[in-house]
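Read the structure below first, then the notes.
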Amino acid sequence: MREYLPIGVFDSGIGGLSVVKYIINNLPNENLIYFGDIARIPYGTKSIDTIQKFARQTVKFLIKQDIKAIVIACNTISAVALDAVKQLAGNIPVIDVISAGAKASSVGYKKVGVIGTNATINSHAYPNSIHKLNPEVEVISQACPLIVPLIEEGLIKHRALELICKDYLKALLDKNIEALVLGCTHYPLISDIIQSIIGNSIDIIDPAIDTCNNLQQILIKNKILNSSNQMISHKFFVTDMPQKFQKIGEMFLHTPMQHIELVTFEH
Ligand code: DGL
């Protein structure tokens, strides 16, 4: 019965938990396997070849766990390794955050800001995907490489994070954007700080919402949506520091993370 199989969700670290949160809330019957590559984060400052290699290793690991769908809960991987992931996944459906974020930002706006890691911004994946849907939208991009390390350290209440965000966002605010795409799955974890800097007149677009909707549609289409609420399990696998992952993860998910396992890859 494929519907009972878990959905594999992965990111370079804890950022993908912002996607997991939506999946748990909106698809509560689904079994989940989350993978965070804590040992090798950040991906966003690495080369395309390295990110693709890491993504392939993770996808092979997830496929071994017998999953029914793969969610790339990382913009950086979606930007530079989507094809590599799809190739390995074969018949397993792959859902990514950039297609979702592009869809949400292509309707109703003339000028959209996108923030993300160096790799995501340099790939131009967002403007390319948005323009395929609506060539009229002006997309202004800003790389924010220092935000991820601060969040991974759990420093979300630290003044340094606010100062860094203000500095990064200034360039976008000067251009009068109407919406801001959180093009890194770590950023929704600090959306309150971002919203307080940009003000309420600019919409925040969190691609996780449409990612979850796309996932639901694909599960329905493939007749693999889990209709039973028996024995639901959420398992988390990390490549380093499971305790730290648990501490910061529970802070974000507001729920105990019972099953956390350490995984090591051969290099
Ligand atoms: N969470 C990842 C993303 O959405 C980036 C973190 C990293 O640099 O590894 O892009």
Side-chain angles (χ1 to χ4, degrees), residues 8-23 34-59 70-82 84-85 94-102 104-105 113-129 141-156 161 164-165 168 180-191 194 204-212 214 236 238-241 244-245 248-249 252-253 265:
V9 183
F10 75 108
D11 178 44
S12 54
I14 56 168
L17 294 180
S18 63
V19 179
V20 165
K21 202 169 172 175
Y22 274 102
I23 301 178
Y34 181 83
F35 180 93
D37 197 1
I38 304 293
R40 304 190 290 198
I41 194 167
Y43 280 17
T45 51
K46 296 191 169 67
S47 69
I48 294 178
D49 282 352
T50 299
I51 300 165
Q52 288 178 343
K53 184 177 113 189
F54 291 172
R56 280 195 201 96
Q57 283 177 324
T58 302
V59 171
I70 294 175
V71 176
I72 311 178
C74 175
N75 290 266
T76 305
I77 299 169
S78 305
V80 305
L82 179 62
V85 172
V94 176
I95 297 94
D96 77 289
V97 278
I98 293 192
S99 309
S105 46
V114 177
I115 50 175
T117 64
N118 286 341
T120 300
I121 299 303
N122 292 340
S123 74
H124 304 291
Y126 265 105
N128 291 343
S129 308
S141 307
Q142 172 71 48
C144 307
L146 291 176
I147 298 180
V148 167
L150 288 168
I151 295 176
E152 286 286 323
E153 282 306 315
L155 296 176
I156 53 165
L161 181 64
I164 284 168
C165 288
Y168 284 141
L180 178 67
V181 182
L182 305 184
C184 170
T185 51
H186 282 70
Y187 304 164
L189 305 173
I190 56 156
S191 57
I194 294 174
I204 282 190
I205 296 175
D206 179 356
I209 302 169
D210 268 305
T211 302
C212 188
N214 290 349
F236 300 87
V238 288
T239 47
D240 205 0
M241 314 255 247
K244 184 176 163 193
F245 176 80
I248 303 174
F252 291 132
L253 288 180
F265 286 141

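Just so you know, ligand 1 is whichever comes first in the structure, and atom 1 is the first atom listed for that ligand. The first residue in the sequence is number 1, and the count goes up from there. Below, each value reflects all heavy atoms present in this structure, side chains not excepted, and no hydrogens, waters or symmetry copies.
- In this structure, the side chain to side chain donor-acceptor pair (under 3.5 Å) partners of Thr239, at least two apart in sequence or on a different chain, are Asp37.
- Within the 4.5 Å cutoff, the side chain of Ile98 has no heavy atoms near those of the Leu82 side chain.
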Measure from every N or O atom of ligand 1 to the protein's N or O atoms and keep only the pairs below 3.5 Å, writing each with atom names and distance to 0.1 Å.
{"from": "ligand 1", "atom 1": "1 (N)", "to": "Asp11", "atom 2": "OD1", "distance (Å)": "3.0"}
{"from": "ligand 1", "atom 1": "1 (N)", "to": "Thr185", "atom 2": "OG1", "distance (Å)": "2.9"}
{"from": "ligand 1", "atom 1": "1 (N)", "to": "His186", "atom 2": "ND1", "distance (Å)": "2.8"}
{"from": "ligand 1", "atom 1": "4 (O)", "to": "Asn75", "atom 2": "N", "distance (Å)": "2.8"}
{"from": "ligand 1", "atom 1": "4 (O)", "to": "Asn75", "atom 2": "ND2", "distance (Å)": "3.2"}
{"from": "ligand 1", "atom 1": "4 (O)", "to": "Thr185", "atom 2": "N", "distance (Å)": "2.8"}
{"from": "ligand 1", "atom 1": "4 (O)", "to": "Thr185", "atom 2": "OG1", "distance (Å)": "3.2"}
{"from": "ligand 1", "atom 1": "8 (O)", "to": "Tyr43", "atom 2": "N", "distance (Å)": "3.4"}
{"from": "ligand 1", "atom 1": "8 (O)", "to": "Gly44", "atom 2": "N", "distance (Å)": "2.9"}
{"from": "ligand 1", "atom 1": "9 (O)", "to": "Ser12", "atom 2": "OG", "distance (Å)": "2.6"}
{"from": "ligand 1", "atom 1": "9 (O)", "to": "Tyr43", "atom 2": "N", "distance (Å)": "2.6"}
{"from": "ligand 1", "atom 1": "10 (O)", "to": "Asn75", "atom 2": "N", "distance (Å)": "3.4"}
{"from": "ligand 1", "atom 1": "10 (O)", "to": "Thr76", "atom 2": "N", "distance (Å)": "3.0"}
{"from": "ligand 1", "atom 1": "10 (O)", "to": "Thr76", "atom 2": "OG1", "distance (Å)": "2.6"}

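- For the residue pair Leu182 and Ile204, the shortest heavy atom distance occurs at CD1-CG2, 3.6 Å.
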What pairs of donor and acceptor atoms, side-chain ones from residues 142-154 against any protein atom, are under 3.5 angstrom apart with sequence neighbours left out?
{"from": "Glu152", "atom 1": "OE2", "to": "Ile14", "atom 2": "N", "distance (Å)": "2.9"}
{"from": "Glu152", "atom 1": "OE2", "to": "His186", "atom 2": "NE2", "distance (Å)": "2.6"}
{"from": "Glu153", "atom 1": "OE2", "to": "Lys244", "atom 2": "NZ", "distance (Å)": "3.3"}

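- By the side-chain contact (heavy atoms from CB on, under 4.5 Å) test, Val59 pairs with Phe10, Ile63, Ile70, Val85, Leu88, sequence neighbours left out.
- The minimum heavy-atom distance linking Tyr43 with Ile77 is given by the pair CE2-CD1, 3.5 Å.
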